[in-house]
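Notes for the one structure printed next.
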Amino acid sequence: MKSFCSRISIALLFITLTFSAKAEFGQWCVADPQIPDSVTQSALNWACQQGGVDCSTIQPNQPCFEPNTIKNHASVVFNNYYQILKHMGADCYFSSAAILTQRDPSYGSCHFKYIK
């Protein structure tokens, strides 16, 4: 009986630590800096057109326009898509153009969504 209780205690501790760790760290989906811009641009185009993501924040005079680079714009759009649809099974792949990070990529007036 003592061994059974010990196993249950260890299992509960493991579960608690696992869920606590996930709660502490968010995940954002950003453009992979190692992927060619042409691949990233294609994935960005898909997300804004067929993917249904609101891409208005990366337009001129909007909070996430600067810096005006493919990788920056793609990171904003990829993350918006991922955060909104991850609970329905969406992943952070975008034809290998994106990766997950635990570091909030927000900067200046450009806020990257995070949805638990």
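Not measured: the values here are computed from a predicted model.
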Inset, instruction - Verify the cluster assignment for Ile84 and Phe78: are they in a single hydrophobic cluster under the rule of side-chain heavy atoms below 4.5 Å apart? - result: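 Linked, Ile84 and Phe78 end up in one cluster.
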Legend entry - Side-chain cluster (under 4.5 Å, hydrophobic types only) that Ile35 belongs to, other residues: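 Answer for Ile35: Val39.
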Legend entry - Other residues, nucleotides, ligands: >12 heavy atoms within 6.0 Å of Gln102 CD: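 Yes, the 6.0 Å shell around CD holds more than 12 heavy atoms from other groups.
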What is the distance from atom [atom1] of [X] to atom [atom2] of [Y], rounded to the nearest 0.5 Å?
X: Ser75; Y: Asp32; atom1: OG; atom2: CG; answer: 9.5 Å
X: Ile70; Y: Asp37; atom1: CD1; atom2: CG; answer: 4.0 Å
X: Leu44; Y: Asn72; atom1: CG; atom2: CG; answer: 11.0 Å

Legend entry - Residue pairs involving residues 78-88 (criterion side chain to side chain donor-acceptor pair (under 3.5 Å); sequence neighbours excluded):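 For residues 78-88, and leaving out neighbouring residues, the side chain to side chain donor-acceptor pair (under 3.5 Å) pairs sorted by first residue read Asn79-Gln83, Gln83-Lys86.
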List for me each residue that meets side chain to side chain contact (heavy atoms under 4.5 Å, CB included) alongside [X], sequence neighbours excluded, and say none if there are none.
X: Cys110; value: Cys64, Val76, Tyr107, Phe112
X: Asn68; value: Phe65, Glu66, His73
X: Asp54; value: Ser56

Only distances under 3.5 Å count here; give the side-chain donor-acceptor pairs of residues 90-100 to other protein atoms, sequence neighbours excluded, each with its distance to 0.1 Å.
none

Legend entry - Side-chain heavy-atom pair Thr57, His111 within 4.5 angstrom cut-off: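 Result no, sub-4.5 Å side-chain heavy-atom pair not found.
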